[in-house]
Number of protein chains: 2
Amino acid sequence: MSATAAKRGQKNWPKQVEAVCVRQGLQLTPLRRRVLSILGESAAPLGAYAIIDRLSKIEGKQIAPPTVYRTLEFFAENGFLHKIESRNVFARCEHVGHAHYGALLLCETCGRSEEIEDEALDEFLKRTAARAGFALQPQMLELQGLCKSCAAAARGA
Amino acid sequence: MSATAAKRGQKNWPKQVEAVCVRQGLQLTPLRRRVLSILGESAAPLGAYAIIDRLSKIEGKQIAPPTVYRTLEFFAENGFLHKIESRNVFARCEHVGHAHYGALLLCETCGRSEEIEDEALDEFLKRTAARAGFALQPQMLELQGLCKSCAAAARGA
DNA sequence: GTCATTATGTTATAATATTGCATTTGGCAA
DNA sequence: TTGCCAAATGCAATATTATAACATAATGAC
């Protein structure tokens with residue numbers, strides 16, 4: 001993903017979420033809008049407490065954890081956000097309204113996450129698991145590595 | 001994996017670990033042996049605090065978290081144990097001394113984890129990530145689903 | 001407007017993990 | 001053997017992540 005594409009995604013994401021909320025009759029309250037904008041402006045996924053801190057600054061008073069966790073839960077349940085379990089952070093879902101499978105490519109160096117949707121991958125995993133008698137759920141993989149620019153930087157260094 | 005295979009793995013694991021420790025000159029201290037045996041006897045992966053509780057019972061006094069976390073770190077560093085990030089638990093590495101790639105199949109129902117080693121999967125993932133310019137690290141995937149027996153039970157129910 | 005539902009506020013606490021420093025143990029060279 | 005260094009363990013405090021439980025406020029259906 002190019003830097004400009006990242007920036008576009010970042011800028012458009014709150015608007016896309018808003019559009020889906022309107023279509024589906026989901027309440028986009030002031031609190032949710034503020035959290036949306038915090039997530040929308042971040043280059044990399046954010047931890048809950050980073051969001052709490054930023055929100056507290058915006059609101060001018062200390063916001064308690066449940067407030068933010070509930071908001072994040074709302075976004076995750078409605079397919080706007082991924083929780084990245086391996087890092088305890090929350091990333092914008094770049095495919096608002098699409099199926100939730102594929103993979104998140106997580107950069108070890110810059111912390112950014114990139115989302116790919118790949119039916120072939122899904123199929124391959126299902127078949128691989130099935131050989132062990134395992135029935136896979138649909139899920140987003142979390143894959144660790146280096147993003148294009150960090151890999152280039154590492155090679156250059 | 002059959003129940004008997006699981007049981008065999010479980011019984012042999014501490015001995016395999018011990019053998020590798022001897023070969024590599026790693027200290028298998030009394031503390032490490034006790035943690036090894038706790039992990040060896042568990043059907044499913046255990047959380048750090050579950051291990052702390054069991055160890056405290058065995059020792060007859062309260063064991064502090066760092067003691068156990070350090071022991072787990074020792075086993076993980078030496079390839080005897082996997083930390084399952086999506087669940088905050090620790091699972092025996094069933095392929096002691098092998099490459100650490102492939103996948104952990106995690107059953108949502110019984111909590112057990114099964115390890116598969118699959119070079120084709122590794123290749124597939126690398127190629128998929130490479131199309132996004134991403135350089136994947138070798139890693140164990142965590143895949144959620146239902147194990148053979150829990151899937152059968154679910155179908156029967 | 002009343003009422004039920006949904007959302008938010010607030011306090012407390014649970015669950016997971018680490019830092020920093022003191023003490024003990026094990027290996028090994030003089 | 002002794003002394004030393006490095007590795008391992010003990011221990012207290014605290015950091016980080018997340019949830020429970022209950023009160024209050026806002027919203028939408030009727």
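Worth saying up front: this structure is predicted, and the values here are computed from it rather than measured. Just so it is clear, the values below take in all heavy atoms, side chains as well, and ignore hydrogens, waters and symmetry mates. Here is the naming used below: chain letters follow the sequence lines, and residue numbers restart at 1 for every chain.
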Novice: Is B:Asn88 near enough to C:dA15 that one of its side-chain N or O atoms lies under 4.0 angstrom from OP1 or OP2?
Specialist: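 The answer is no; no side-chain N or O of B:Asn88 sits under 4.0 Å from OP1 or OP2.
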Novice: Given C:dT8, is OP1 or OP2 found less than 4.0 Å from the side-chain N or O atoms of A:Thr67?
Specialist: no
Novice: When the nearest nucleotide of DNA chain D is assigned to B:Pro65 and to B:Pro30 on a heavy-atom basis, which residue is associated with the more 5' position?
Specialist: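 Closer to the 5' end of DNA chain D: B:Pro30.
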Novice: Just to be sure I understand the rule, does A:Arg70 reach a base, reach only the sugar-phosphate, or reach nothing, if contact means heavy atoms closer than 4.0 Å?
Specialist: base
Novice: Would you say that B:Leu143 contacts B:Leu104 through its side chain, given a criterion of any heavy-atom pair below 4.5 Å between the two side chains?
Specialist: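 No, side chains not in contact.
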Novice: Take the protein atom CZ of B:Phe90 and the nucleotide atom C1' of C:dA17, then report the distance between them rounded to whole Å.
Specialist: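 Between C1' of C:dA17 and CZ of B:Phe90: 9 Å.
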Novice: If you look at every strand shown and take non-hydrogen atoms under 4.0 Å, does B:Thr29 touch a base, only sugar-phosphate, or nothing?
Specialist: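 Answer is sugar-phosphate: B:Thr29 comes under 4.0 Å of backbone atoms only.
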Novice: Rounded to whole angstroms, how far apart are CD on A:Glu59 and C1' on C:dT8?
Specialist: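 Whole-Å distance recorded here is 11 Å.
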Novice: Rounded to whole angstroms, how far apart are CG on A:Leu28 and C1' on D:dA26?
Specialist: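 Atom CG in A:Leu28 sits about 15 Å away from atom C1' in D:dA26.
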Novice: To the nearest Å, give me how far apart OH (A:Tyr69) and P (D:dA21) are.
Specialist: 18 Å
Novice: How close or far is atom P of C:dA7 from atom CG of A:Leu72, stated in whole angstroms?
Specialist: 15 Å
Novice: Return the 5'-most residue of the pair B:Pro66, A:Arg32 with respect to DNA chain C, ranking by each residue's nearest nucleotide.
Specialist: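 Closer to the 5' end of DNA chain C: A:Arg32.
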Novice: What is the distance, to the nearest angstrom, from the CZ atom on A:Arg87 to the P atom on D:dT16?
Specialist: 18 Å
Novice: Which heavy-atom pair separates A:Glu115 from A:Glu94 by the least distance, and what is that distance?
Specialist: OE1-N, 2.7 Å
Novice: Hey, which of these two, B:Ala64 or B:Gln27, hits DNA chain D nearer its 5' end, going by closest nucleotide?
Specialist: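 Per heavy-atom nearest nucleotide, the more 5' residue is B:Gln27.
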Novice: The test is side-chain hydrogen bond (donor to acceptor under 3.5 Å, both in side chains); show your working for B:Gln144 and B:Arg87 and say whether it passes.
Specialist: CA-CA 11 Å; B:Gln144 319 281 333; B:Arg87 300 188 175 181; 2.6 Å; yes
Novice: In this structure, how many angstroms lie between the P atom of C:dT11 and the NZ atom of A:Lys61, rounded?
Specialist: 11 Å
Novice: For A:Pro65 and A:Ile52, work out which heavy atoms get closest and say how close.
Specialist: CA-CD1, 3.5 Å
Novice: Between A:Phe74 (CZ) and C:dA7 (C1'), how many Å, whole number?
Specialist: 10 Å
Novice: Work out which heavy atom in B:Gln27 is nearest to a heavy atom in B:Phe74; give both atom names and the distance.
Specialist: O-CZ, 3.9 Å
Novice: Does the side-chain ring of B:Tyr49 sit on the six-membered ring of the C:dT16 base, less than 5.5 Å centre to centre and under 30° in tilt?
Specialist: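 Stack criterion met.
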